[in-house]
Amino acid sequence: MSDYQHFVNSISDDVLDENIKTLEPIKQHTFTKLGGVADLFITPSSFTEIQAVLKQAKKFNIPVTILGSGSNVIVRDGGIRGITLCLTKFNHISIENDVITAQSGAAIIAVSNFALKNELTGLEFACGIPGSVGGALYMNAGAYGGQISDVLEKARVITRNGEIVTMSKEELQLGYRKSIFMNRDYVILEAEFQLKQGDHKLIKREMDEFTIARQSKQPLEYPSCGSVFKRPPGHYAGKLIQDSKLQGTRVGGAEVSKKHAGFIVNIDQATSNDYIDLINVIKGTVKKNFEIDLETEVIFLGEES
């Protein structure tokens with residue numbers, strides 16, 4: 001019997017059978033529609049299930065990769081070995097006074113809409129960010145002048161030893177598209193957002209304006225991983241790429257968007273290698289033209305094919 005089968009047997013009392021899949025195509029779970037297969041694909045819906053997976057994974061020395069909604073990741077064509085822990089079922093959202101608590105698998109758009117429903121202001125900027133709460137914390141996601149660190153109060157995480165820890169905003173070391181999670185092996189469980197009372201009509205008006213701007217400027221008609229590059233100091237990545245006349249440049253099925261140069265879209269069954277090769281073309285061209293090193297914002301997971 002393989003270690004994987006021993007592991008699955010060990011969590012059978014805590015994790016529902018329907019939440020465990022083998023050889024799952026990752027492309028079904030990413031916005032880019034890229035990626036090979038996951039050896040084990042587990043979608044827990046409770047604290048208990050997450051704890052059981054992490055505890056037994058450590059016991060059997062099986063690596064664990066965390067996946068949220070798959071919006072800002074490129075999964076390589078070789079897929080992901082070990083366990084892929086996908087948290088999209090772990091998505092409860094609640095409110096107490098002016099604080100919204102959202103589990104890490106909840107869509108940050110859903111949390112923004114929940115705030116609107118409860119006439120709370122502060123999360124309008126997140127109304128179009130296509131990611132999970134966990135992913136938003138991991139990246140300190142932002143848009144339209146706002147970012148997660150503006151409204152985050154605290155987060156609860158679980159260590160790979162199964163210990164649940166509450167961390168303040170300061171402890172999370174949130175900066176521009178970075179957080180402590182990039183250097184620590186924590187799993188984000190939930191976040192608390194401190195918001196303020198607001199006017200429903202004004203909140204909705206601002207969210208509608210952001211939505212219209214996003215729809216008019218971003219290539220939402222194609223699969224993509226969103227904004228590929230971080231903003232270089234004093235510049236905009238999209239403008240540098242546009243000025244390098246790279247819009248429409250293709251590698252395989254991946255193309256620099258003609259609508260927004262900061263996006264790479266999957267227009268014809270692209271592979272992750274197509275994406276990676278195109279990213280390297282962009283980096284090299286911008287470096288040659290402007291002496292600026294672009295840094296990727298997107299997260300790379302998995303193995304080469």
Side-chain angles (χ1 to χ4, degrees), residues 15 19 29-31 38 41-55 57-58 63-73 75 80 82-95 99-112 114-115 122-123 126 129-142 146-195 225-226 297-301:
V15 182
N19 291 346
H29 304 278
T30 62
F31 275 53
F41 190 83
I42 303 177
T43 51
S45 54
S46 69
F47 286 106
T48 301
E49 288 184 297
I50 294 172
Q51 283 182 306
V53 170
L54 294 178
K55 178 181 177 181
K58 183 177 182 181
V64 178
T65 299
I66 307 301
L67 185 69
S69 62
S71 65
N72 197 226
V73 298
V75 180
I80 302 177
I83 299 161
T84 299
L85 193 62
C86 180
L87 300 177
T88 50
K89 289 184 181 178
F90 190 66
N91 57 13
H92 183 68
I93 305 171
S94 61
I95 184 172
V99 176
I100 289 178
T101 301
Q103 292 180 337
S104 58
I108 193 66
I109 291 175
V111 182
S112 179
F114 186 83
L123 270 172
I129 296 177
S132 65
V133 168
L137 262 67
Y138 185 93
M139 296 295 295
N140 189 22
Q147 57 186 357
I148 290 297
S149 57
D150 295 338
V151 290
L152 184 70
E153 182 71 14
K154 63 182 69 170
R156 267 175 285 281
V157 306
I158 185 169
T159 69
R160 295 304 171 100
N161 292 323
E163 180 185 5
I164 295 177
V165 180
T166 298
M167 303 181 71
S168 67
K169 177 168 67 174
E170 291 71 29
E171 291 175 310
L172 298 178
Q173 300 174 20
L174 300 172
Y176 174 65
R177 302 300 177 264
K178 67 179 181 180
S179 70
I180 195 174
F181 302 114
M182 296 179 177
N183 303 310
R184 297 287 182 87
D185 214 11
Y186 297 147
V187 179
I188 302 167
L189 293 176
E190 61 184 19
E192 290 186 10
F193 300 101
Q194 178 64 64
L195 305 178
C225 57
E297 176 178 317
V298 64
I299 304 299
F300 296 89
L301 301 176

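Computation of the quantities below employed the complete heavy-atom set of this structure, encompassing side-chain atoms and omitting hydrogens, waters and symmetry-equivalent molecules. Remember, it's a predicted structure, so these values are computed and weren't measured experimentally.
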### Task
Would you check if I158 and V165 make a side-chain contact, meaning some heavy-atom pair closer than 4.5 Å?
no
### Message
Please check: side-chain N/O of E153 versus main-chain N/O of E192, any donor-acceptor pairing under 3.5 Å?
### Response
no
### Side-chain donor/acceptor of S179 to backbone N/O of Y138, under 3.5 Å
yes
### Task
Could you tell me which non-hydrogen atom of L152 sits nearest to which non-hydrogen atom of A191, and how far apart they are?
CD1-CB, 3.7 Å
### Task
Report the residues that fulfil side chain to side chain contact (heavy atoms under 4.5 Å, CB included) with T88, sequence neighbours left out, ordered by chain and then residue number.
C86
### Message
Working to the nearest 0.5 angstrom, can you tell me the gap between L172 CG and Y186 OH?
### Response
9.5 Å
### Message
Measuring from atom CD1 of I42 to atom NZ of K89, what distance do you get when rounded to the nearest 0.5 angstrom?
### Response
11.0 Å
### Query
Hey, what do you get for NE2 (H92) to OG (S46), rounding to the nearest 0.5 Å?
13.5 Å
### Task
Keeping the roles fixed (side chain from S104, backbone from I188), state whether a donor-acceptor pair exists under 3.5 Å.
yes
### Query
What residues, two or more places apart in sequence or in another chain, satisfy side chain to side chain contact (heavy atoms under 4.5 Å, CB included) together with N161?
K58, T159
### Task
List for me each residue that meets side chain to side chain contact (heavy atoms under 4.5 Å, CB included) alongside N140, sequence neighbours excluded, and say none if there are none.
Q147, I148, S149, L174
### Task
Using the salt bridge (Lys or Arg N to Asp or Glu O under 4.0 Å) rule, collect all pairs that involve residues 168-178, keeping only residues at least two apart or in two chains.
R177-E297
### Side chains of N19 and E49 in contact at under 4.5 Å (non-hydrogen atoms)
yes
### Query
Sequence neighbours excluded, which residues qualify as side chain to side chain contact (heavy atoms under 4.5 Å, CB included) partners of Q173?
I180
### Criterion side-chain contact (heavy atoms from CB on, under 4.5 Å) on H29 and F41, from CA distance to verdict
CA-CA 11 Å; H29 304 278; F41 190 83; 3.6 Å; yes
Return all side-chain donor-acceptor pairs below 3.5 angstrom for residues 64-73, not counting sequence neighbours, or 'none' if the list is empty.
| unit_1 | atom_1 | unit_2 | atom_2 | d |
| --- | --- | --- | --- | --- |
| S69 | OG | S132 | N | 3.4 |
| S71 | OG | P130 | O | 2.5 |
| N72 | ND2 | C225 | O | 2.9 |

### Message
Please evaluate residues I100 and V111 with respect to the criterion side-chain contact (heavy atoms from CB on, under 4.5 Å), reporting the C-alpha separation (whole Å), side-chain torsions for both, the decisive distance (0.1 Å), and the verdict.
### Response
CA-CA 8 Å; I100 289 178; V111 182; 3.9 Å; yes
### Query
Is the closest side-chain heavy-atom distance between F193 and I108 below 4.5 Å?
yes
### Task
Taking all non-hydrogen atoms of both residues into account, name the closest pair between L195 and A115 and its distance.
CD1-CB, 3.8 Å
### Task
Answer yes or no: is there a side-chain heavy-atom contact under 4.5 Å between R160 and K55?
no
### Gap separating the CD1 atom of I50 from the CG atom of L189, nearest 0.5 angstrom
5.5 Å
### Query
Roughly how far apart are T101 OG1 and I93 CD1, rounded to 0.5 Å?
10.5 Å
### From I109 atom CD1 to L123 atom CG, the distance as rounded to the nearest 0.5 Å
12.0 Å
### Min side-chain heavy-atom separation L85-T43 under 4.5 Å
no
### Query
Would you say the side chain of V75 lies within less than 4.5 Å of the side chain of I80, judging by non-hydrogen atoms?
yes
